[in-house]
Structure formats: C-alpha cells, structure tokens
Amino acid sequence: MPRHARVLSENKIYHIVLKGINSNNIFLSDGDYKIFIKCFKNTCVEYNVEILAYCLMTNHVHFILKFNNENMPEMFKSFGAKYVPKYNYTHSKTGPLFNGRYYSSPINDDDYLFAALRYIHYNPVSAGICKRVDEYKWSSYNEYIERKGNITDTEFIDKLLSDSDFKAIHIVDDRALDEFFIMNSMVNGIKQNDIIAFLDKNKDRRQDEVIDLLLRAGATKNMISKTLNISRKKL
C-alpha cells in the first residue's frame with residue numbers, strides 16, 4: 001500500500017517524532033543520550049537544519065526543526081546511517097532502532113508553534129518522570145531559560161518571545177491540557193480507550209465542545225458515535 005505524501009510546511013518548520021521500534025527503549029544510558037544528540041546536531045548542521053526545540057524520552061524523541069531546504073528525508077536517512085550502527089555496536093544489537101517512518105507535522109502559525117513547544121517540554125512531566133519542566137535535563141527548556149548549551153538554535157524563538165513570554169506559554173491551564181490531548185492523539189493515533197479516558201475526565205463539559213475536541217484529535221465519527229452512544233448523523 002503506497003505511503004501518503006507528507007504535508008509540507010509553508011515556512012519549513014515541523015514537529016518531528018522518532019519512536020523506538022515496537023516501543024522499545026532507544027536510550028539505555030546517559031551516554032546514549034549524549035551520543036544521540038551530538039550526532040543529530042552534527043547532521044542538522046551538515047544539512048542546514050535548525051533545532052528550535054527538542055526532548056529526548058526513553059523510547060521516543062521530539063523535535064521542532066526548521067529546514068532551510070526541502071531535504072528532510074535525506075537528513076534523516078543520513079542521521080540513521082551514522083547513529084544506528086554506533087548504537088548497535090555499543091549495545092551488541094542488530095537491526096533497526098526506530099519504528100519505521102518518523103512522524104512529521106507542519107507548523108504554519110505561531111499558535112501551533114507555541115503549543116508544540118509547550119507539549120514537547122512537558123512530555124517528561126506528563127509521563128511522570130519529573131514534576132517541573134526545568135528538572136529534566138534532556139530537553140531544550142533550560143537552554144532557553146539558563147542560556148546554557150549549544151544544541152538548540154534559539155534565535156528564531158527569541159525573536160518571537162521575550163524571556164517572560166517564553167515562561168508564560170509554559171503555564172498549563174485547561175486549554176493547554178486540551179492541546180496536549182489533541183497533539184498526543186495526532187502523534188500516537190487515537191484509540192477507543194483514549195476517547196473513554198478523555199470523556200471520563202471531562203464529564204462536566206458540553207457535548208458539542210467535547211465532540212469538536214475529539215474530531216480535532218483525529219477520532220472518527222464512528223468512534224465518537226459508538227462511545228457517546230449517539231447517532232453518527234448528529235456529528
């Protein structure tokens with residue numbers, strides 16, 4: 001079955017996710033994180049790609065990348081060819097490390113950019129790894145706050161946000177939680193259990209509002225009608 005063509009960003013900015021094959025861990029030690037990010041940064045420099053944000057989780061990684069050419073496939077192919085053999089040699093493994101095709105979502109406006117930035121930096125908090133975003137060392141958050149490190153290309157975001165604005169967009173409110181649900185569903189694909197859990201947490205919300213959020217998260221009308229026990233024609 002042919003793959004769908006990737007949707008392109010007008011300004012060449014994308015939210016990218018790489019996942020471990022079969023959801024396996026892709027980082028087994030601090031050394032893995034360091035080698036991964038060094039190799040990824042070097043590849044980005046080689047292909048003139050800017051890292052606007054990142055977060056390395058145990059079995060997946062998030063990036064916001066700004067491409068200055070239409071060279072996304074070539075860049076990721078080059079990175080994989082450099083990094084995966086090193087990883088396999090270090091851990092006496094063979095075969096692929098990442099789960100097939102990487103996820104990419106075009107970012108065409110500031111609202112989506114800021115939502116993706118917040119979502120990426122809050123991944124460790126959402127996963128229960130830490131309580132605050134500044135406690136996690138494998139993300140770009142502290143590079144913006146402390147002005148330390150040379151992984152992230154901070155100039156683009158700095159032109160859009162002051163330091164206080166940057167902190168302000170990382171405040172999590174009800175709207176941000178909705179964004180987390182939508183973006184997480186876009187990245188991982190929404191399932192019936194996800195809808196049930198969402199409905200359980202949002203019992204007091206208007207049905208039309210809930211339906212709109214579920215549709216934006218990628219739920220089908222059949223999934224929604226089945227879970228809410230309403231006619232598909234009403235959606």
Taking every heavy atom of Met57 against every heavy atom of Ala127, the minimum-distance pair comes out as CE-CB, 3.8 Å

Atom of Asn59, atom of Ser23 and distance for their closest heavy-atom approach
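Where Asn59 meets Ser23 most closely, the heavy atoms are ND2-O, 3.3 Å.
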
Tell me which pairs pass side chain to side chain donor-acceptor pair (under 3.5 Å) where either residue lies in residues 203-213, with sequence neighbours left out.
Asp178-Arg205, Asp200-Lys203, Asn202-Arg205, Arg205-Glu209, Arg206-Asp208

For [X], what residues pass the salt bridge (charged side-chain N to carboxylate O under 4.0 Å, His left out) criterion, not counting sequence neighbours?
X      : result
Asp134 : Arg132
Asp173 : none
Asp158 : Arg147
Lys66  : none

In chain order, what residues pass the side-chain contact (heavy atoms from CB on, under 4.5 Å) check against [X], with sequence neighbours excluded?
X      : value
Ser29  : Asp32
Ile120 : His15, Cys55, His62, Ile64
Thr152 : Tyr54, Ser140, Glu143, Tyr144, Thr154

Please tabulate, for side-chain N and O atoms in residues 81-88, each donor-acceptor pair with protein atoms closer than 3.5 Å (sequence neighbours left out).
unit_1: Lys82; atom_1: NZ; unit_2: Glu46; atom_2: OE1; d: 2.4
unit_1: Asn88; atom_1: ND2; unit_2: Gly95; atom_2: O; d: 3.0

His170 meets the side chain to side chain donor-acceptor pair (under 3.5 Å) criterion, sequence neighbours left out, with His121

According to side chain to side chain donor-acceptor pair (under 3.5 Å), who are the partners of Glu50, at least two apart in sequence or on a separate chain?
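Result, side chain to side chain donor-acceptor pair (under 3.5 Å) vs Glu50: Asn68.
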
Are Leu52 and Ile145 in one and the same hydrophobic cluster, where Ile, Leu, Val, Met, Phe, Trp and Tyr link if side-chain heavy atoms are under 4.5 Å apart?
yes

What about Leu160 and Tyr141, same hydrophobic cluster or not, with Ile/Leu/Val/Met/Phe/Trp/Tyr joined at side-chain heavy-atom distances under 4.5 Å?
yes

For residues 213-224, tabulate all N or O donor-acceptor pairs below 3.5 Å that involve a side-chain atom, not counting sequence neighbours.
unit_1: Thr220; atom_1: OG1; unit_2: Met223; atom_2: N; d: 3.1
unit_1: Asn222; atom_1: OD1; unit_2: Arg232; atom_2: NE; d: 2.9

